[in-house]
Amino acid sequence: MKRIMPFLITLLIPFLFTACSLISVNSLSAEKKFEIYHSVVNEIESYKKEGDIHLKNKYYHKAILAYEKVNFYEAKEVYSKKYINNLKNRASYNANYFLKKALANAQKNKIKSLYYINIAMRNNPTLKEAIELKETLLEDAKVKSFINKKEQKVQNLLNKNKTTVYHTRSLNNSVKKLVKYDDFNPLAIKAKSIIKNSYERLVKNSIALYNKKNYSQAKKEFNLLSFIYQEDKTINNYLHYIKQKELIEEAKSYLANKNYNKASNLAKEVLKINQNNQEAKEIISASTIAKCDMTGTLEAKGINLYIKQNFDEAKITFEKIIACHPENKRAHAYLKKINQQLNTIKKLR
């Protein structure tokens, strides 16, 4: 909180003026300061995620801008100068490399040339030679027709004005195909804003389905939405919650059918996702107790098998008892005698 406060003051100044005075930051309530603090923290996380996505897609210029904003808000080098400079070098190299490829294709394949120019400008949007070539290419009749077809698909979906998961995903896919050739296309920029707003509403709808315990439909919608904005922590968290719920329900079913090992194993899978899941702990405990309740019966069965010299089955039975009750001395004693008998039989053979 302390390290962000100096920047909170800077950010708040435009909003703290009244008609005749400047409101002191100290006059803000603790709740308001806390609200502003969390707003900035969320902004930082947003820039981190944005930078990571751009980096994954090799949009180095956009990644650099996002990471520099993180450094500004954090008031320290979360991303070192060395790391940022390394990204800048990669951006510069890529911009020039793809500019050369664009120039090499400028006459023989203008659409391919536009594709390469787009990559070059993702790494350096102010590269003069790239801007000039792009303007020339966009005036070509064949290129115009190609871009117009992609724009028309986007516009047709925008005209439908729907806010459904499938429609938003389709719109997003069409925009991706357009920005593959022109990142700065005005229609694509407009569509991206609409997708973002639709996405936020759809996430809220999916959360509402989850809260109503309609896990199957919520999972379906979250999975579809995850293709629009990858690495969304909210969606990933809810998908983890749903997976836990599904495993718990399956474990309960096995527990009811007295398949205690399966129930316990599934509950352990849940604890790998969330070590504090109380239901999983209860299922493991119930499975253990249920298996241990059978110990008296198993012990009698094991002894009977030993008397009948069915050593292999007797061994399995006493091993089950020890798995449940490691301190059971009688089971250990019988298991020792059984192993001796089996070794003797093995030698005689």
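The first residue of the sequence shown is numbered 1, and numbering continues consecutively from there. Values in this document were obtained by computation on a predicted structure and should not be read as measured data.
Distance CG/N94 to CG/N123: 4.5 Å, rounded to 0.5 Å. Separating the NZ atom in K149 from the OG atom in S145 is a distance of 4.5 Å, to the nearest 0.5 Å. The distance from atom CD1 of I235 to atom OH of Y229, rounded to the nearest 0.5 Å, is 10.5 Å. The CG atom of N105 lies 11.5 Å from the OH atom of Y115; values are rounded to the nearest 0.5 Å. Note that NZ of K69 is 6.5 Å distant from CG of L65, once rounded to the nearest 0.5 Å. Rounding to the nearest 0.5 Å places CG of L271 at 9.0 Å from CG of N276.
In this structure a side-chain-to-backbone donor-acceptor pair under 3.5 Å is missing from N86 to K82. With hydrogens and angles disregarded, no donor-acceptor distance shorter than 3.5 Å links the side chain of H61 to the backbone of A91. Put simply, the side chain of S198 never gets that close to the backbone of I195: no donor and acceptor are under 3.5 Å apart. Judged purely by atom type and a 3.5 angstrom limit, H167 uses its side chain to pair as donor or acceptor with the backbone of K162. One N or O on the side chain of N85 and one on the backbone of K81 form a donor-acceptor pair closer than 3.5 Å. A donor-acceptor pair under 3.5 Å links the side-chain atoms of S113 to the main chain of A102, judged by distance alone. N277 contributes a side-chain N or O that, together with a main-chain N or O of E279, makes up a donor-acceptor pair within less than 3.5 Å. In this structure, the side chain of N339 engages the main chain of L335 through a donor-acceptor pair within 3.5 Å. Although no hydrogens or angles enter the test, the distance criterion places a donor-acceptor pair under 3.5 Å between the side chain of N71 and the main chain of V78. Side-chain atoms of N118 do not come within 3.5 Å of backbone N or O of L114 as any donor-acceptor pair.
Cluster annotation: Y97 and Y116 are assigned to the same hydrophobic cluster (Ile/Leu/Val/Met/Phe/Trp/Tyr, side-chain heavy-atom contacts under 4.5 Å, transitive). The hydrophobic clustering, which links ILVMFWY residues whose side-chain heavy atoms are closer than 4.5 Å, places V70 and Y59 apart. Both I194 and V203 are assigned to one and the same hydrophobic cluster, defined by single-linkage of ILVMFWY side chains at heavy-atom distances under 4.5 Å. Under a hydrophobic clustering in which Ile, Leu, Val, Met, Phe, Trp and Tyr are joined whenever their side-chain heavy atoms come within less than 4.5 Å, directly or via other members, I242 and I207 fall into the same cluster. Cluster annotation: Y199 and F227 are assigned to distinct hydrophobic clusters (Ile/Leu/Val/Met/Phe/Trp/Tyr, side-chain heavy-atom contacts under 4.5 Å, transitive).
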Test side-chain contact (heavy atoms from CB on, under 4.5 Å) on R90 and L87; report intermediate values, then the result.
CA-CA 5 Å; R90 287 158 77 180; L87 290 182; 3.7 Å; yes
Report the C-alpha separation of I228 and V165 in whole Å, then their side-chain angles, then the decisive distance to 0.1 Å, and conclude whether the side-chain contact (heavy atoms from CB on, under 4.5 Å) test is met.
CA-CA 10 Å; I228 299 173; V165 174; 5.9 Å; no
Could you check V154 against N185 for side-chain contact (heavy atoms from CB on, under 4.5 Å), going step by step and ending with a plain yes or no?
CA-CA 11 Å; V154 172; N185 184 282; over 6 Å; no
Start with the C-alpha gap between T126 and N124, add the side-chain angles, then the distance that decides, and say whether side chain to side chain donor-acceptor pair (under 3.5 Å) holds.
CA-CA 5 Å; T126 61; N124 184 355; 2.8 Å; yes
For Y67 and Y47, run ring-ring contact (aromatic ring centres under 6.0 Å, His included): C-alpha distance rounded to whole Å, both residues' side-chain angles, the deciding distance at 0.1 Å, then the answer.
CA-CA 7 Å; Y67 291 149; Y47 285 131; over 10 Å; no
Test salt bridge (Lys or Arg N to Asp or Glu O under 4.0 Å) on K134 and D182 and set out the steps.
CA-CA 9 Å; K134 182 183 177 182; D182 186 4; 2.6 Å; yes
Between D183 and R122, is the side-chain contact (heavy atoms from CB on, under 4.5 Å) condition met? List the steps.
CA-CA 8 Å; D183 249 353; R122 282 173 179 173; 2.8 Å; yes
Evaluate the criterion salt bridge (Lys or Arg N to Asp or Glu O under 4.0 Å) for residue pair K88 and E68; output intermediate values, then yes/no.
CA-CA 12 Å; K88 285 179 179 178; E68 285 180 336; 3.6 Å; yes
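Ion pairing between E200 and K196 holds under the 4.0 Å rule for side-chain N and carboxylate O. For E246 and K219, the salt-bridge test passes: some basic side-chain N is under 4.0 Å from an acidic carboxylate O. Taking the charged nitrogens against the carboxylate oxygens, R169 and E221 have no contact shorter than 4.0 Å, which rules out a salt bridge. Comment: E269 does not engage K243 in a salt bridge, judged by the lack of any side-chain N to carboxylate O separation of less than 4.0 angstrom.
Ring pair Y238/Y210 is perpendicular by interplanar angle, where above 60° counts as perpendicular and below 30° as parallel. Taking the six-membered ring for Trp and thresholds of 30 and 60 degrees, F146 and Y181 have ring planes more than 60 degrees apart, a perpendicular arrangement.
Within 6.0 Å of NZ on K337 lie more than 12 heavy atoms contributed by other residues, nucleotides or ligands. The environment of E327 atom CD is dense: over 12 non-hydrogen atoms of other residues, nucleotides or ligands sit within 6.0 angstrom. Within 6.0 Å of CD in Q155 there are more than 12 heavy atoms belonging to other residues, nucleotides or ligands. The environment of CZ in F184 is crowded: more than 12 heavy-atom neighbours from other residues, nucleotides or ligands sit within 6.0 Å. Atom NZ of K153 sits in a sparse spot, with 12 or fewer heavy atoms from other residues, nucleotides or ligands closer than 6.0 Å. Atom NZ of K281 is surrounded by more than 12 heavy atoms from other residues, nucleotides or ligands within 6.0 Å.
Using a 4.5 Å heavy-atom threshold, the side chains of L127 and M121 count as separate. Residues Q278 and E282 form a side-chain contact, since some pair of their non-hydrogen atoms from C-beta on lies under 4.5 Å apart. In this structure the side chain of Y241 reaches within 4.5 angstrom of the side chain of N237, judged on heavy atoms. Proximity of I273 to L247: side-chain heavy atoms (C-beta onward) are separated by under 4.5 Å at one or more points. The shortest side-chain heavy-atom distance between T168 and L224 does not fall under the 4.5 Å cut-off. The side-chain heavy atoms of K233 and E45, taken from C-beta on, include a pair separated by under 4.5 Å. Put simply, the side chain of I117 does not reach to within 4.5 Å of the side chain of F98, judged on heavy atoms. Counting heavy atoms from C-beta outward, E132 and T136 have side chains that stay 4.5 Å or more apart.
Contact detail for G51 and A63: the closest heavy-atom pair is O-CB, 3.6 Å. For the pair A188 and V179, the tightest heavy-atom approach, listed with the atom from each and the gap, is CB-CG1, 3.5 Å. In plain terms, the two heavy atoms of A95 and A120 that are nearest each other are O-CB, 3.4 Å. Between S287 and S264, the shortest heavy-atom distance links the atoms OG-N, 3.9 Å. Taking each heavy atom of L255 and A286 in turn, the nearest pair found is CD2-CB, 4.0 Å. Heavy-atom minimum distance, A263 versus A251: CB-O, 3.4 Å.
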